[in-house]
Each structure stands twice: as C-alpha cells, then as structure tokens.
Protein chains: 2
Amino acid sequence: MNARGETPLSRYVQILETVAAARTGLTLTEIGQQLDLRAPTVHRLAGSLKAIDLLAQIEGSKSYVLGRRLQLLLHSTLSLTDYSHLAKVILRELVDELGETVHLARLNGAVAESVLMVQPEGSNRAFVQPGRELPLHAAASGKAMLAFQSADFVDRYLAKPRARFTENTKVGKDEIRAELERVRTSGIAVCDNELDAGVLSYGHPVRVKGGYVLYSIGVTGLADRFRATPTEVVRAKLSHAAALLSKEFGSVE
Amino acid sequence: MNARGETPLSRYVQILETVAAARTGLTLTEIGQQLDLRAPTVHRLAGSLKAIDLLAQIEGSKSYVLGRRLQLLLHSTLSLTDYSHLAKVILRELVDELGETVHLARLNGAVAESVLMVQPEGSNRAFVQPGRELPLHAAASGKAMLAFQSADFVDRYLAKPRARFTENTKVGKDEIRAELERVRTSGIAVCDNELDAGVLSYGHPVRVKGGYVLYSIGVTGLADRFRATPTEVVRAKLSHAAALLSKEFGSVE
DNA sequence: TAATACAATTCCGAAAACAGGAAAACCGCC
DNA sequence: GGCGGTTTTCCTGTTTTCGGAATTGTATTA
C-alpha cells in the first residue's frame, strides 16, 4: 500500500475503469492525466494489462480499449434474468419470422451457455432452456462463437478431447477446423443432427464492443420440418437480429 | 514473472475468472484446488481482491463471488441507445405526473451521463439530451449518484478541481460534502441554479444488483414554474420510479 | 529538410509488495 | 471434548513495482 492508499492492483483496476468510461480509446497520456500517473508508470501498467488481454490496443493506433478477456469477465457478471429485457424483443421477432425456437448463447469458459430462449406459440419442446450448456464443437450456437475466437483459444479447445453425441457429431480436429472455416465463409453455423437427434439448428455470432464474439443466436427446430426453410433466409434474418443485439451490447460505437 | 510464466496480476485475473465460471460461490479451498495455489496464497490474493470490491464474500458464508466493481465496469460498456422499453415507460409516467422533463443518468467514470430523456408534450427545451455529460457536483442527477459512492470514490473526485457554472455552483470540498450528506438524509438531491441558469432539478439514486448506485433519475424544469411543486411530492414520485427501475436493472434478485 | 513539441519507451536503483512454509486459530461434526 | 479440515496469522527471502532521467519516436510547423 503506497502513500495514496493504493495497492498495485487497485491502480490496474483504475486504468481499466478509466478506459471503460471513455467513449473512445484512450492514449497513455490521457490515462496518465486522468489518474495522475507519470508516463513510465502508465506505460508499464497498461503494457501488463495488454499482455494478458485485459486491455487491447486499437490496430494501428496508440489508443487502448478494453480487451477481450475483460469483456468476457464482465459479461459473466450478468445473470440469466438480466437478459430478458435486453434481448427478448429481438428474439421474439425472430421466432415470429421463422416459426422455430430461438435462443441467445453466451461464451462461458469452454462452453456455450444458453441464457435466454423464446419459443413459438404452442411449442412445448424445450430445446435449449436457459442454463443449458452447449458444447462449442457440436451446437450451432457454439460453433458460431468458436469460429470467431483467437487461434490460441481454438487450439486450447481442440487440445482436449471432445464428446460425441450422435453419429453425426464432428470430433476430429481437422474436421472441426474445416467446419469453423465453413462458418466463417458462409456466415452461418449449421448443426444437423450433431447434438440432439432429429434436430437441426443454425447459429450466428453476436459481437460486443471491441468486436469480440461473446454471444451467438441459435435457431433450433425439428429437422424434418425446419429443413424446408432455405438456409439463406435463415442467415439473413439471423444476421439482422445479430446486428440489433450487437448494438444492444455496445458493439457499435 | 514467475516460473509458470505468471505475473501477480495474471493470478488475480485467474481467480476472478475461476469465480466467474462457477455457477455458485467458491471457497478459498476450491479456488486453490482449481488453480493449484496454496491456502495462504489464495487467502491473500482473494483478500486483496475483496478489499477493492472485485470480489465479494457471501453474507455469512465463506464463499466468494464476483464483486460489484465488475458490474460497474460492465454497465459503463453497455450501449447508450435503446435503454430498455420499460425504463422509457417509467420515465414517461413521471413526466405525466410532474409535467417536467425527466432523464435517466448513468455513472460514467467521474461524470454523470444522460442516457435517456423524456419530455412533456409541447416542451422543446432539451435540458439533458442523451449523451450530455453532467458534473457530479453540480447536477441533481450527479449528486444523487455521488452521494452514494464509496468514500474512496468521493475523495478521488474531490481531489481534482471542480468547474463553476453559475454563482450558485458549489465547488468547495466541505460545501460539497455537506451537500452529499443532505442528499443522503433527505433522500433527494436538489440543484437550484447551480448548473444551468434559471433551471431547477431534482435527482434520485437508482440501485442495480448488489445495491450499487450506478444510475439516477433527474427531473428538470424552469425554476420559476417548477418551484411551485413541493419537494416532498417530487421525492415520493422519484422514489417510486427509482424502485421500479431498480427492479428493471436487476437490483431485486 | 530542419526545427519543434510532445508522446512513447527504455533504464535502473530504491522501495514496496508478494510468496508460501510453518504454525496457530477456527469450525462443524460426531 | 476430540478430530479433520479450512481459514488465518506470522514472517523472511524473493520478486515486482515505482518513477526520475534520459532516449527514441512521431507528428506538425517553419
């Protein structure tokens, strides 16, 4: 504890708070002015924060913004009930358009966690009730997130063995890498009988502030019926809803 | 950097992430097991995190959960636009009852930021349009938040010089501390010609999950007209609306 | 192109914080 | 009251931090 009653830790936090409060990225000098810290000090502290992904530096700029790891941590403070007002309206609209169950999934460690589900009138099959954890390699909403994580994250995920749920589940490393590539190029993740038998679902990433993919939307239906809807229709509608959610989560600055 | 490639900072973050990933609170022993840390080490690290509100201990339990400071950080990254529908409804009701402009302000670093404004029919004077930043010492909604922050926060705020806007603006440290005390005891913040000339406004805190004051409601009107409304009437109505908003923001679990 | 101003970075010794073994205190449970 | 485990205190060698001074980098202007 130094003269001002601060621990090293609390100064780190103050820097994060300062950056969070700013509308745009902040330079080292700006941070230093706000917190009354000398240039070398800010430089070192911000460097340490950046090294572990708590802060990030805007590409080709000197400005710092919050890092992916911090965003993840922050969003994990939201409880399941917190999402209702943020996102229910947007999901409801999707349900009305597609006639299938829609859910919002959140990246939580190495799994996708359903945080909100909206069902069409009359449906009673709970495909992905809030709280359910979905594997990143075998659920559409999971793939939609995994496909946009850092290479490092994907490597770590693939380093551990993955569960097989149906005969269609893709578990091989190369198989999954190819699948993720497909998600990135086509703009939509598909899960056809890979997790729950007889179920077809689509997933689309949702970006938060900083461009990180921390959420995804999933649409799930019985394969026999849902297959009738063209993939491109699903992609377009998911994409639109994702854009709205991104705005909600502060992705658009 | 120690043998395992960890800095002190990264161990703090690991602890936070471990706690975040757990569905329930974690005890020191559980954290230690997951991260392979000895008991005294976890004890000290968790203690430091708790000291600055990054971790919190469940009342009457040994389990640790994420602290409110992380929530504060999160809220400051949430999108400004489209603050929930219900919030708008609540503010609209206040406008109808009081006949004056109402806004919702959010604590953002060392300023209050208007994130939502609702005006009475026919009014065209934009007192506090969304995006406007209000000083914590010279706006009613600002005072309403400042009065309920930690002593540490207030000390840091008062350490820097404050701007004077009118001859009524209170800028002295003691003057402001007394004013904050008045807000706490009376339950309402008043700003009479202190920021904008000829304008009178009232502010009331809004608590989020964990009891932290991160938002406030402000009512603003021309002093000549608005002074006719008894303060107690304003306080009661603001208090009611604040309770509804608290529920909206997840203060009630 | 040189001159200027300021931001970012590197260096480094003194000072402070951290690490974790040992041991004591505390707790819930027979 | 005794027992097994968890939490807390104590303490010293080790590591990290702090920030002044000096250096390099980078726009902007003359």
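Note on B:His43: a side-chain N or O is less than 4.0 Å away from OP1 or OP2 of D:dT8. Residue A:Thr41 places no side-chain N or O under 4.0 Å from the OP1 or OP2 atom of D:dC18. Taking only side-chain nitrogens and oxygens, B:Arg38 never comes nearer than 4.0 Å to OP1 or OP2 of C:dA19. One finds a side-chain N or O of B:Arg11 lying less than 4.0 angstrom from the OP1 or OP2 phosphate oxygen of C:dA19. One finds no side-chain N or O of B:Arg44 lying less than 4.0 angstrom from the OP1 or OP2 phosphate oxygen of C:dG20.
Judged purely by distance below 3.5 Å, without hydrogens or angles, the side chains of A:Lys50 and A:Gln57 pair a donor atom with an acceptor atom. Judged by distance alone, the side chains of A:His103 and A:Ser141 do bring a donor and an acceptor atom under 3.5 Å apart.
Comparing A:Pro40 and B:Lys62 against DNA chain D, the residue whose closest nucleotide sits nearer the 5' end is B:Lys62. Residue order along DNA chain D, read from the 5' end via each residue's closest nucleotide, puts B:Glu30 first among B:Leu9 and B:Glu30. When the nearest nucleotides of DNA chain C are assigned to B:Tyr12 and A:Ala39 by heavy-atom distance, the more 5′-ward of the two goes with A:Ala39.
Residue contacts for A:Thr29: at a heavy-atom cut-off of 4.0 Å it reaches the sugar-phosphate backbone alone, with no base atom in range.
Separating the CG atom of B:Leu55 from the P atom of D:dT7 is a distance of 14 Å, rounded to the nearest angstrom. Rounded to whole angstrom, the span from the CG atom of B:Leu37 across to the P atom of D:dT7 amounts to 14 Å. The distance from atom CG of A:Leu26 to atom C1' of C:dA8 is 16 Å, rounded to the nearest whole Å. With rounding to whole Å, A:Gln57 atom CD is found 7 Å from C:dT9 atom P. Between the OH atom of A:Tyr64 and the C1' atom of C:dT9 there is a distance of 10 Å, rounded to whole Å. One interatomic measurement links the two molecules: CG of B:Leu35 to C1' of C:dG20, which rounds to 16 Å at whole-angstrom precision. B:Leu28 places its CG atom 16 Å from the P atom of C:dG20, with the value rounded to the nearest Å.
Salt bridge present: B:Glu194 and B:Lys143 bring a charged side-chain N and a carboxylate O closer than 4.0 Å. Between B:Lys170 and B:Glu175 there is no salt bridge, since none of the side-chain N atoms of the basic residue sits less than 4.0 Å from a carboxylate O of the acidic one.
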> Yes or no on salt bridge (charged side-chain N to carboxylate O under 4.0 Å, His left out) for B:Lys160 and B:Asp155, after CA distance, side-chain angles and deciding distance?
Replying inline: CA-CA 9 Å; B:Lys160 287 181 215 145; B:Asp155 289 346; over 6 Å; no
